[in-house]
Amino acid sequence: MLRDCALENQAFRELYRVWLDRGNGEAAAHRARGGRVVGCLGADVPEEYLLAGDLLPLRIAPDPRSDLAHADRYLEACFDPMVRSQFDRIVGPGEKPWDFLAVSNSTDVLVRTYLYLRELRRTEPEAPVPDTAFIDWLFTPSERFRRYNEARAAEFRKKAEEWAGRPITDADLREAVHVLNGERSAMGRIYALRQAEGPRVSGTEALVIAGAGFYMDRARHRDLVNALAAEAEAWPVLKGPRLYFSGTEQYDLTVYSYLEEAGAVIVGEDQDCGMRYYCRLTDPESPPEEAVVERYMRRIPSPKKATVTRRVEALVCEAQESRARGVAVCMDQFEEAASWDFPEEKRALEAEGIRAAEFCKLPYPAEKDETLRGRMAAFVEELKGGTADG
Amino acid sequence: MAEERRAVKTLKAAQESGAYQKEWFRSLHDRVKAGEDFAYLNADVPMEIFRAMDVPFCVNQWWAAICSAKRMTPRYVNFLREAGYRDDLCSYCSAVLGESLDPEDAELGPWGGLPRPTMAVTRLTCDCQGKIFQLLARNYGAELFTMENTLPRTVPENWWDLATDRWEELYDADRLDLAVEELKDLISWLERKTGRVFDYDRLIQVMALINEQEGWYRRTRDLIAAAPMAPVTVVDTINATMQAQWQRGTEWAAGHARRMYEEIKALADAGHAAVPNEKYRLMWLGRGLWHDFAFYQNFEEKYGAAFVWSMYLAMGADAYIREGYERDPLRALAARYIGMEDFLHMPPWNSGWFVREAKNNRIDGVVYMAPANCMQAVEGSGFIVKALERAGIPVLLFRGDPVDDRKWNRENMTELVGRFIEERIIGGKEA
Ligand code: SF4
């Protein structure tokens with residue numbers, strides 16, 4: 001649900017333009033200035049190093065129009081449809097907007113994706129797979145794993161230096177942290193507007209604002225978001241039951257639109273195309289590797305990786321802080337891990353008076369599920385039942 | 001669902017391991033009843049530590065295979081569904097979670113059901129494992145311990161040439177270092193939990209017994225590969241190997257592996273052929289078809305096609321032996337357990353090995369069951385198929401479930417494999 005107040009706003013319009021273009025123009029412009037572009041898969045690529053080397057991180061977005069013919073040659077049926085589409089963009093023909101790839105182990109399917117890309121490079125040198133880095137974080141909180149992660153971060157720094165063709169100094173890194181922290185704080189302002197008693201920014205609008213950052217210069221993204229945040233304070237308050245969204249990354253607006261057009265207001269989320277991606281700053285005072293690792297280990301525990309207890313605790317806490325009346329847990333087909341959390345999450349949320357619904361095995365694009373809109377509308381109706389703001 | 005026809009096993013060793021397993025479970029019940037701690041482990045957890053500390057344990061996939069063979073999986077899936085879980089996820093690893101919800105497990109579960117574990121240990125080799133283990137630990141009132149998983153950055157050619165003696169070269173040093181530290185954490189946790197004291201000398205004995213056991217598997221694998229007619233098929237070797245593999249590090253398991261070798265050697269020396277009209281040698285890729293072992297024998301009479309190879313015996317042969325363990329048993333153990341995921345589920349580690357094994361075993365065709373609902377076992381089947389086909393070995397790839405027989409249709413599958421034999425193997429040779 002993109003309202004006129006958003007579409008008429010200059011900063012939002014610019015973000016929307018970039019978001020729709022998926023960064024193709026931004027990448028071309030960066031290259032024209034002599035810069036290199038790194039296609040990123042996964043929400044845990046430590047972009048601090050890329051920015052420090054003047055490399056543009058460009059999220060590889062899925063393409064809902066793709067027929068997946070190229071991916072189908074390599075991927076088994078149980079690769080989730082969104083990753084399938086991302087893989088298709090990499091291995092399919094045509095000019096690529098990236099020079100290198102970076103893949104983080106944010107979920108199992110991305111680990112496999114990296115292995116397949118590595119094997120493709122080895123066995124089919126003619127395949128369009130450029131030099132690819134893999135970031136093998138260990139997410140279990142522990143001092144031992146932190147040290148292992150620091151070595152991975154240092155390794156990625158070296159790779160970024162190689163790609164940048166120059167050393168990355170600590171000063172470069174501090175500057176990158178400064179930019180990214182500024183961007184995260186700007187996104188925090190938008191989040192505050194969503195979380196407020198009277199939310200001023202819809203979930204769908206926030207998806208565009210957050211998603212644009214995947215495809216553009218981050219300092220410019222920071223500035224646009226800050227400009228927008230100032231103006232959005234005057235946007236009309238949204239009415240409707242407050243909803244928290246959990247699950248699969250939303251590169252398109254469809255699913256959020258289904259929920260918001262039915263009358264809900266998505267006030268928060270833990271999916272990686274939204275606020276989870278921007279939460280938590282990198283400590284500018286700590287030694288660089290330590291600070292980077294700290295940030296990537298300490299975000300909201302991922303629905304895909306964390307244990308059930310950690311997920312339940314995090315989700316209940318997030319939903320309560322958002323004063324959500326309901327939680328929608330959405331998962332694409334074959335993206336299953338979070339389904340193991342859901343029964344516990346539902347029990348814990350309902351004990352707090354928060355309703356929860358699971359929408360699983362969703363196709364990509366979501367429009368392919370003809371029943372989804374109706375099912376989501378029915379859930380929102382349930383949330384509206386007998387409420388003051390519904 | 002498959003009809004009740006059972007696989008015909010011929011090896012005494014297969015019968016022995018089946019009987020031993022049953023008896024072992026009985027004694028496990030006694031030990032747990034007497035108040036001993038009992039650990040439930042995922043298959044990739046270094047069980048050698050538990051063995052060395054004499055802490056009884058059961059392996060998840062082993063138990064899942066038993067439940068499947070006893071046709072209990074659908075019952076456990078029902079319990080999952082009733083508790084609000086999906087019934088189409090992770091069937092291999094989640095059967096016991098369903099079982100943990102079964103109020104009649106002691107009466108209806110295999111061999112008196114699963115004793116209540118006091119400890120649950122898994123590695124985080126996939127996104128779901130930690131979640132499933134935490135849930136089952138909670139249901140049983142067990143304490144959970146998880147171990148991390150790291151990805152290899154270097155990919156050596158021909159891992160099987162390095163695994164035995166040059167295993168340091170197989171891995172990035174810091175991966176091994178970390179795994180050793182994790183083993184120490186596991187030991188401390190176990191010492192705290194059980195009150196037992198870990199003894200390095202005992203681990204050295206366990207490692208020695210495992211080398212001995214796996215050495216027999218190596219001889220057995222090589223014997224079957226070299227025999228003009230296969231003296232046994234996978235119907236005998238899978239269970240006999242795996243039942244003993246889960247007991248690895250014991251005198252019994254090492255002795256059983258030797259007895260199995262001697263029995264097969266005697267058969268080979270006598271010119272015995274498991275499939276007297278053997279014309280084609282088939283390789284089974286993927287997890288065992290635990291709910292329908294008889295399926296493997298469906299192609300013997302009609303086509304003279306014998307399933308002679310599965311990863312179970314061959315992994316024992318190539319992936320487990322670690323020489324030099326006396327110097328640093330924990331490091332040698334780390335070099336065993338962190339590699340399993342690499343060897344089995346990552347191209348080119350797996351694809352190169354399958355080609356080498358197919359050639360050594362004079363394989364005419366490969367029947368490859370790719371997992372229906374397990375992301376961890378998504379192992380680059382496209383690369384594997386390509387490597388095998390490029391080596392001139394035809395492959396039939398299909399999706400299936402090793403433990404859940406609800407979607408398995410033996411008739412259709414028999415027809416599919418039959419057609420593959422006719423068109424790709426027989427047809428290919430005639431062309
Ligand atoms: S993804 Fe595979 S290995 Fe992991 S829990 Fe599920 S079935 Fe088991």
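Residue numbers begin at 1 in each chain, while the letters A, B, ... track the order of the sequences. Any value given below was found using the heavy atoms of this structure, including those in side chains, with hydrogens, waters and symmetry copies removed.
Within residues 135-146 of chain B, the residues having any heavy atom less than 4.5 Å from a heavy atom of chain A are, in residue-number order, B:L135, B:R138. Contacts of residues 148-155 of chain A with chain B at a heavy-atom distance below 4.5 Å involve A:Y148, A:R152, A:E155, listed in sequence order. Residues of residues 101-112 of chain A lying under 4.5 angstrom from chain B, judged on non-hydrogen atoms, are A:T107, A:D108, A:V109, A:V111, A:R112 by number.
Residue B:N149 touches chain A through its backbone alone, counting heavy-atom pairs closer than 4.5 Å. Both the backbone and the side chain of A:T309 come within less than 4.5 Å of a heavy atom in chain B. Looking at B:V155, the atoms closer than 4.5 Å to chain A (heavy atoms on both sides) all sit in the side chain, from C-beta outward. If you measure heavy-atom distances from B:I132 to chain A, the contacts under 4.5 Å come from the side chain alone.
Between A:K361 and B:R86 there is a side-chain heavy-atom pair separated by less than 4.5 Å. With contacts defined as side-chain heavy-atom distances shorter than 4.5 Å, the pair B:K131/A:D341 qualifies. Using a 4.5 Å cut-off on side-chain heavy atoms (C-beta onward), B:L178 and A:F145 make contact. Contact annotation: the side chain of B:S351 approaches that of A:E119 to within less than 4.5 Å [non-hydrogen atoms, C-beta and beyond].
Residue B:A83 comes nearest to A:P343 through the heavy atom pair O-CB, 3.8 Å, listed as atom of the first residue, atom of the second, then distance. Annotation for B:P152 and A:R118: closest pair O-NH1, 3.2 Å, computed over non-hydrogen atoms.
Remark: A:E124 engages B:K386 in a salt bridge, criterion side-chain N to carboxylate O under 4.0 Å. Between B:D127 and A:K304 there is no salt bridge, since no side-chain nitrogen of the basic residue lies less than 4.0 Å from a carboxylate oxygen of the acidic one.
Relative orientation of the B:F383 and A:Y116 rings is perpendicular, given thresholds of 30° and 60° on the angle between their planes.
Taking chain A as the reference chain and counting heavy-atom pairs below 4.5 Å, the highest number among B:C374, B:A370, B:A387, B:C90 is found for B:C90. Here B:P348 is the residue among B:G130, B:S381, B:P348 with the most heavy-atom pairs under 4.5 Å with chain A.
Partners of A:Y364 by ring-ring contact (aromatic ring centres under 6.0 Å, His included), not counting sequence neighbours: none found.
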